[in-house]
Amino acid sequence: MKRSSLKRNLLISFVALLLGATYGWAQTGTTSLHGTVTDKTGAAIVGAKVTISNQGLGLSRESTTGATGEYEFLSLPPGTYVLTVEMTNFRKYEQTNLQLLVNTPGTANVRLEVGATIQTVEVSAQTVALNTTDASLGIAFDENQVKQLPLEAGNVPELLSLQAGVTYTGNRPDFNKDTDTRNGAVNGAHSDQSNITLDGVDVNTDTKGYAFQSVLPITQDSVQEFRVTTSNYNADEGRSSGAQVALVTKSGTNDFHGSLFELHRNTFTSANDYFIKLAQLQSGAPNTPPKLIRNIFGGSIGGPFKKDRLFFFANYQGGRQREAQSVVRVVPSAALQDGVITYQCQTLPDGSLDTATCPGMTVSGLTGSHNIQPGYYA
């Protein structure tokens with residue numbers, strides 16, 4: 001009885017896992033590719049076999065050109081692909097390094113040459129397929145750009161500040177992000193109208209959402225690429241009137257790959273604050289800047305569970321920060337600490353203090369005498 005109950009529970013768990021995985025696939029940020037296949041005269045080639053493949057993921061899809069020579073591949077994972085076109089009495093066409101970016105429909109038109117099928121025309125230039133499908137405007141950042149551009153604490157969404165039309169005031173304490181909409185405003189829209197998605201899932205900080213913040217820690221080693229659509233975006237890209245930030249996490253491939261890193265910031269390279277230095281010199285303390293030591297460390301690993309079928313990817317990033325902050329405090333003067341309270345004398349018509357009626361004096365406090373400057377009385 002217990003055995004059958006265990007089998008039933010395992011079966012239910014397996015079905016739930018499959019449903020959860022299917023639900024996750026439906027939300028994953030994807031891309032697409034379309035184009036036409038023609039001959040040298042520009043006439044459409046009908047029935048040509050078009051294949052697109054990603055060797056790293058073991059993914060391959062096939063299609064056949066239609067009546068006008070068109071083909072289309074939808075819901076492709078972003079990445080680098082190989083496009084192959086074959087047709088009887090034409091040379092085989094093969095284009096490598098075809099980079100398809102997230103939320104950026106690609107177009108690749110092919111012109112076949114007459115010849116034997118065993119002959120191959122290879123195009124190996126690394127090109128980015130242009131978006132001629134819709135009117136959406138935005139810039140996509142690939143993996144190399146995400147990893148090589150310097151970022152404060154490795155916060156990838158901050159790359160949004162590199163977009164045209166973006167206002168970024170930085171992490172200034174005198175700007176209240178809840179009331180000041182300039183920090184992260186895109187094309188004049190309020191900053192709380194921007195939308196951030198990770199693999200198609202909303203990761204905004206709250207119901208408002210802020211342009212440079214995500215509820216999940218999005219690290220440089222976990223992001224494959226992302227795109228910021230600033231205007232003319234489609235209904236499938238988001239729900240807000242501001243910028244649409246679509247991030248895609250890395251996945252495992254047929255080859256094992258990984259990384260280890262540590263970023264260290266030390267106070268040894270810091271200059272002291274002017275006022276802190278002045279206070280230290282007056283008190284005889286050494287000229288030492290406030291401590292700020294930051295360590296960001298982690299790693300990632302990915303690979304196949306089963307080649308061409310099942311992959312895994314894991315990422316970890318941790319941080320440690322030790323920081324000393326200076327504060328300003330109003331300290332009572334020696335006279336006030338001794339119980340002597342001074343008042344300012346009246347001013348003359350020219351705005352100066354009336355030192356004639358207040359020439360200065362010496363008063364006794366609780367523990368000693370204190371000299372009062374002219375223009376003041378106790």
Side-chain angles (χ1 to χ4, degrees), residues 145-162 166-180 182-184 191 205 210-223 259-300 315-344 360 362-363 365-376 378:
Q145 292 171 303
V146 171
K147 292 181 65 175
Q148 294 176 6
L149 289 173
L151 294 172
E152 173 70 18
N155 183 26
V156 176
E158 286 190 0
L159 287 176
L160 173 59
S161 62
L162 300 179
V166 176
T167 302
Y168 182 44
T169 59
N171 299 320
R172 290 173 50 175
D174 55 330
F175 281 88
N176 186 346
K177 65 183 180 182
D178 294 323
T179 58
D180 196 322
R182 289 174 294 171
N183 189 24
S191 58
T205 51
Y210 298 105
F212 297 91
Q213 294 183 9
S214 165
V215 71
L216 295 176
I218 303 172
T219 64
Q220 287 178 279
D221 272 37
S222 66
V223 174
S259 63
L260 290 173
F261 65 91
E262 180 179 5
L263 306 176
H264 178 69
R265 184 205 186 281
N266 201 293
T267 316
F268 292 148
T269 59
S270 299
N272 201 354
D273 180 87
Y274 172 78
F275 297 101
I276 297 177
K277 178 181 177 180
L278 187 62
Q280 290 172 341
L281 293 176
Q282 290 177 349
S283 63
N287 178 18
T288 305
K291 179 184 292 185
L292 177 55
I293 302 176
R294 180 182 297 153
N295 290 84
I296 301 175
F297 54 89
S300 63
N315 175 76
Y316 170 78
Q317 177 173 304
R320 303 290 185 271
Q321 181 166 310
R322 292 162 293 281
E323 181 178 1
Q325 294 182 344
S326 63
V327 294
V328 178
R329 293 289 184 264
V330 178
V331 179
S333 64
L336 182 59
Q337 294 180 37
D338 203 22
V340 178
I341 302 176
T342 60
Y343 301 90
Q344 186 176 2
T362 299
V363 295
L366 298 177
T367 61
S369 299
H370 300 276
N371 293 322
I372 306 301
Q373 297 295 325
Y376 295 85

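Along the sequence shown, residues are numbered consecutively beginning with 1.
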If you look at every heavy atom in Pro289 and Ser270, which pair is closest and at what distance? CG-O, 3.8 Å

Between CG on residue Asp273 and CD on residue Gln325, distance to nearest 0.5 Å: 12.0 Å

If you look at every heavy atom in Gln280 and Asn272, which pair is closest and at what distance? OE1-ND2, 2.9 Å

Atom of Gln344, atom of Tyr376 and distance for their closest heavy-atom approach: CA-CD2, 3.7 Å

Looking only at heavy atoms, which two atoms of Leu292 and Arg265 are closest? And how far apart? O-NH1, 3.1 Å

Tell me whether Gln317 contacts the main-chain N or O of Gly298 through its side chain, where contact means a donor paired with an acceptor under 3.5 Å. no

Taking all heavy atoms of Ile276 and all of Ser326, pick out the closest pair and write down the distance. CD1-CB, 3.4 Å

With rounding to the nearest 0.5 Å, note down the distance linking CD1 in Ile293 to CG in Asn266. 5.0 Å

Does any N or O in the side chain of Asp338 come within less than 3.5 Å of the main-chain N or O of Val340, such that one atom is a donor and the other an acceptor? no

Could you check whether atom CD1 of Ile341 has more than 12 heavy atoms from other residues, nucleotides or ligands sitting under 6.0 Å from it? no

Between Ser300 and Asn315 the two heavy atoms that sit nearest each other are CB-OD1, 3.6 Å

Could you tell me the separation between the CZ atom of Arg322 and the CG atom of Asn295, rounded to the nearest 0.5 Å? 5.5 Å

Stepwise side-chain contact (heavy atoms from CB on, under 4.5 Å) test for Gln321 and Ile296: CA-CA 9 Å; Gln321 181 166 310; Ile296 301 175; over 6 Å; no

Going through the checks in order, is the side-chain contact (heavy atoms from CB on, under 4.5 Å) test met by His264 and Phe297? CA-CA 9 Å; His264 178 69; Phe297 54 89; over 6 Å; no

